[in-house]
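The next block holds one structure in the form of structure tokens; read it before the comments.
Keep in mind that what you see is a predicted model, and the values were worked out from it rather than measured.
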Amino acid sequence: MKNLSLSISYQLAQLSELAPEDQHLIHSAIEATANSYAHYSHFHVGAAIRLDDGKEIIGANQENAAFPSGLCAERTAIFAAQAQCPQHRIVALAIAAKNTRGLLAQPVPPCGQCRQVILEVEERYGNPVRILLYGTEGVLVFHSVKDLLPFSFEDGNMK
């Protein structure tokens, strides 16, 4: 048996250290938390996507009493982008979350289902999606969802 290891590279930055367009995208994600319907969990998540033409599209989590009929913020934004602008690649995704006490100090990563959807977007358009996870104590920056999902199930696995 052989022992193997895996490592990923990502950045921790303060909001002010990011490029203006990334700061704007994060602010859009923060604002999108207000559009969340989190009647049950009181956990409000906002997502903002930047397309290759510079357009931004937001999403927010939507809960429903008939679990799991709700949908995460990341997927609402991705599906809206693909429905409205399928000709444009998604180049960046920012995520912010708050609870009843306010914005979270630590960044919240996307769930497994959202990671798989982001992976499919990367494959569909042939480019990585830069992921910005916002927390009041710092922003985690990932080059690709593959950094969050290193042993991913891709189309090539079925061939």
Distance in Å, [X] [atom1] paired with [Y] [atom2], rounded so as to fall on 0.5 Å steps:
{"X": "R75", "Y": "L71", "atom1": "CZ", "atom2": "CG", "result": "4.5 Å"}
{"X": "N61", "Y": "C72", "atom1": "CG", "atom2": "SG", "result": "7.0 Å"}
{"X": "L93", "Y": "I78", "atom1": "CG", "atom2": "CD1", "result": "6.0 Å"}

Side chain proximity check, P109 to R115, heavy atoms < 4.5 angstrom: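 Answer yes - side chains close enough.
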So do the side chains of K55 and C85 get within less than 4.5 Å of each other, counting heavy atoms only?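 Touching, per the 4.5 Å side-chain cut-off.
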Run the side chain to side chain donor-acceptor pair (under 3.5 Å) test on Q62 and T76 for me, step by step, so that the C-alpha distance in whole Å, both residues' side-chain angles and the decisive distance to 0.1 Å come before the verdict. CA-CA 9 Å; Q62 304 296 310; T76 64; over 6 Å; no
Group every Ile, Leu, Val, Met, Phe, Trp and Tyr by side-chain heavy-atom contacts under 4.5 Å, then state whether [X] and [Y] land in the same group.
{"X": "L103", "Y": "I26", "result": "yes"}
{"X": "V139", "Y": "V91", "result": "no"}
{"X": "Y125", "Y": "V117", "result": "yes"}
{"X": "V108", "Y": "V141", "result": "no"}

Side chains of H143 and Q11: is there a donor and an acceptor less than 3.5 Å apart?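 No.
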Report yes or no: do S36 and H44 form a side-chain donor-acceptor pair below 3.5 Å?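 The criterion, which ignores hydrogens and geometry beyond distance, is satisfied for H44 and S36.
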Is a side-chain donor or acceptor of [X] paired with a backbone partner of [Y] at a separation under 3.5 angstrom?
{"X": "R89", "Y": "L51", "answer": "no"}
{"X": "E17", "Y": "Q14", "answer": "yes"}
{"X": "R50", "Y": "I57", "answer": "no"}

Check residues 129-137 and write down every donor-acceptor pair under 3.5 Å in which the side-chain atom is one partner and the other belongs to a residue at least two apart or another chain.
unit_1: R130; atom_1: NH1; unit_2: D22; atom_2: OD1; d: 3.1
unit_1: R130; atom_1: NH1; unit_2: D22; atom_2: OD2; d: 2.4
unit_1: R130; atom_1: NH2; unit_2: D22; atom_2: OD2; d: 3.2
unit_1: E137; atom_1: OE1; unit_2: Q106; atom_2: NE2; d: 2.7

List in chain and number order the residues that pass side-chain contact (heavy atoms from CB on, under 4.5 Å) with T100, two or more places apart in sequence or in another chain; answer none if no residue qualifies.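 By the side-chain contact (heavy atoms from CB on, under 4.5 Å) rule, T100 matches H42.
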List the atom of Q23, the atom of S16, and the distance in Å for their closest heavy-atom pair.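 Here Q23 and S16 meet closest at NE2-O, 3.5 Å.
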For H39 and E63, which heavy atoms make the closest approach, and how far apart are they?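 Shortest heavy-atom contact: N-OE1, 3.4 Å.
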Please determine whether the number of non-hydrogen atoms from other residues, nucleotides or ligands lying under 6.0 Å from atom [atom1] of [X] exceeds 12.
{"X": "H24", "atom1": "NE2", "answer": "no"}
{"X": "Y40", "atom1": "OH", "answer": "yes"}
{"X": "Q84", "atom1": "CD", "answer": "yes"}

